[in-house]
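Here the structure comes first, spelled out in structure tokens, and everything after it is commentary.
Every heavy atom of this structure was used, including side-chain atoms; hydrogens, water molecules and symmetry mates were not. Indexing begins at 1, ligand by ligand and atom by atom, following the structure's order.
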Amino acid sequence: MEQSIKISSRKFQNQLLNWYDGHARILPWRDHPTPYQVWVSEIMLQQTRVQTVLPYFQHFIRDIPSVEVLAAIPEEKLLKYWEGLGYYHRALNMKKAAVLIMERFGGSLPSETAVLRTLPGIGPYTAGAIASIAFGKRDTAIDGNVIRVMVRITADNRDSSSKQVKNQVDQAVRALLPEERAGDFNQALMELGATVCLPGGIPECGACPVQEWCMGYSKGMASTLPVKKSKSPRTIQKKTVFLICAEGTFALRKRPPDGLLPNLWEFPSAEGHLPEEKWIDIMETWGIQMKNMVLLQEETHVFTHLEWHMKGGLITAQRPQDTEGFLWADRCQIREIYAVPAAYAGYANLLDRMAV
Ligand code: SF4
């Protein structure tokens with residue numbers, strides 16, 4: 001893989017960087033960013049589309065403009081800034097890392113990849129991206145876009161999710177990195193993957209600045225690459241989600257600190273699609289006296305390896321005296337204060353439409 005590109009690496013670098021200079025999308029984290037801004041953008045962009053990240057990034061940077069502010073922000077408030085963005089452990093790890101950066105590095109992000117990698121939530125990709133983009137270090141940042149571009153260029157038809165292919169892509173990119181502008185070079189490869197060498201078998205090779213090196217293109221294989229081992233199907237989990245309303249407030253409970261959606265607030269739920277005649281029993285176990293119940297629409301939420309298939313119920317209840325683990329919040333508090341994950345958006349959106 002490495003050899004075939006190395007032959008004319010200077011020309012490859014120039015053509016890719018010239019294309020990047022003329023075609024890169026204008027994004028807020030590319031406008032003379034501080035290392036902190038690079039870090040925030042790279043974490044937000046993990047498994048998340050640029051268009052989704054844009055408003056979150058601007059809001060976050062406006063209100064949490066530095067490592068110092070991030071280290072001091074209460075977790076509850078931080079999760080509210082992340083609400084709807086998903087993969088919430090990213091935000092929690094950033095806060096942990098910010099505390100360490102304050103303690104160990106006086107509030108400035110370290111510039112070395114190896115040191116960055118000691119911080120929570122910073123893996124090889126993010127460390128390489130911060131080191132190269134924010135500090136100009138000659139290091140690689142290999143994400144899914146870069147892997148797709150490189151396996152097409154090298155016509156590599158092995159399983160692109162394998163460690164072996166990823167390591168070879170890393171070596172090939174490392175060999176191609178220019179002495180100057182390594183950060184721009186990494187971003188150019190990613191930008192090429194995001195805007196030209198598109199996923200789903202539809203690369204726009206006619207607009208590609210590195211077409212002359214692309215063996216996938218010359219062999220007519222580009223649209224069949226990358227090859228990915230078929231994924232195991234997602235696990236389906238059925239749940240019954242309850243909007244329990246008492247005196248204008250709704251019950252929320254906090255999810256556990258580990259695992260999926262850590263420490264976020266959710267509407268109480270039970271495993272499985274409970275038939276309505278069982279609802280009164282579950283309310284009793286929660287110490288809730290039910291006055292009325294209405295069946296709500298079904299909702300589905302898809303995570304990476306899991307799908308929630310949810311049945312919903314609206315319960316009108318007496319204001320309970322003792323409901324351990326529940327918090328009662330009105331609509332405004334749920335909107336403004338408590339972070340409820342997007343998985344529940346279909347039910348959360350109903351709150352404002354309810355005449356209760
Ligand atoms: Fe991707 Fe086509 Fe460019 Fe090859 S020529 S890198 S397949 S866009």
Under 2.8 Å: N/O/S of Cys205 next to atom 3 (Fe) of ligand 1: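 No, since none of the N, O or S atoms of Cys205 sits under 2.8 Å from atom 3 (Fe) of ligand 1.
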Nearest-contact summary for atom 4 (Fe) of ligand 1 - protein heavy atom, Å: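 The closest heavy atom on the protein side is Cys214 SG, 2.3 Å.
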Shortest protein contact, atom 1 (Fe) of ligand 1 (heavy atom only): Cys197 SG, 2.4 Å
For Arg152, atoms of ligand 1 separated by under 4.0 Å from a heavy atom: 7 (S)
For Ile153, atoms of ligand 1 separated by under 4.0 Å from a heavy atom: 6 (S)
Test of ring centre spacing under 6.0 Å for Trp29 and Phe57: yes
Closest to atom 7 (S) of ligand 1 (judged by heavy-atom distance), picking from Cys208, Ala222, Gly206, Ser223: Ala222
side-chain hydrogen bond (donor to acceptor under 3.5 Å, both in side chains) partner of Trp308, chosen from Glu299, His301, Gln237: Gln237
Parallel, tilted or perpendicular, as decided by the 30° and 60° cut-offs, for the rings of Trp279 and Phe242: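 Geometry flag for Trp279 against Phe242: perpendicular rings.
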Parallel, tilted or perpendicular, as decided by the 30° and 60° cut-offs, for the rings of His59 and Tyr81: tilted
Intermediate values then yes/no, side chain to side chain contact (heavy atoms under 4.5 Å, CB included), Ile280 and Glu277: CA-CA 7 Å; Ile280 194 161; Glu277 58 270 22; over 6 Å; no
Short N-O contact, Lys96 and Glu75, less than 4.0 angstrom: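 Result for this pair is no, no salt bridge flagged.
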Ligand 1-proximal atoms of Leu192, by part, heavy-atom distance under 4.0 Å: neither
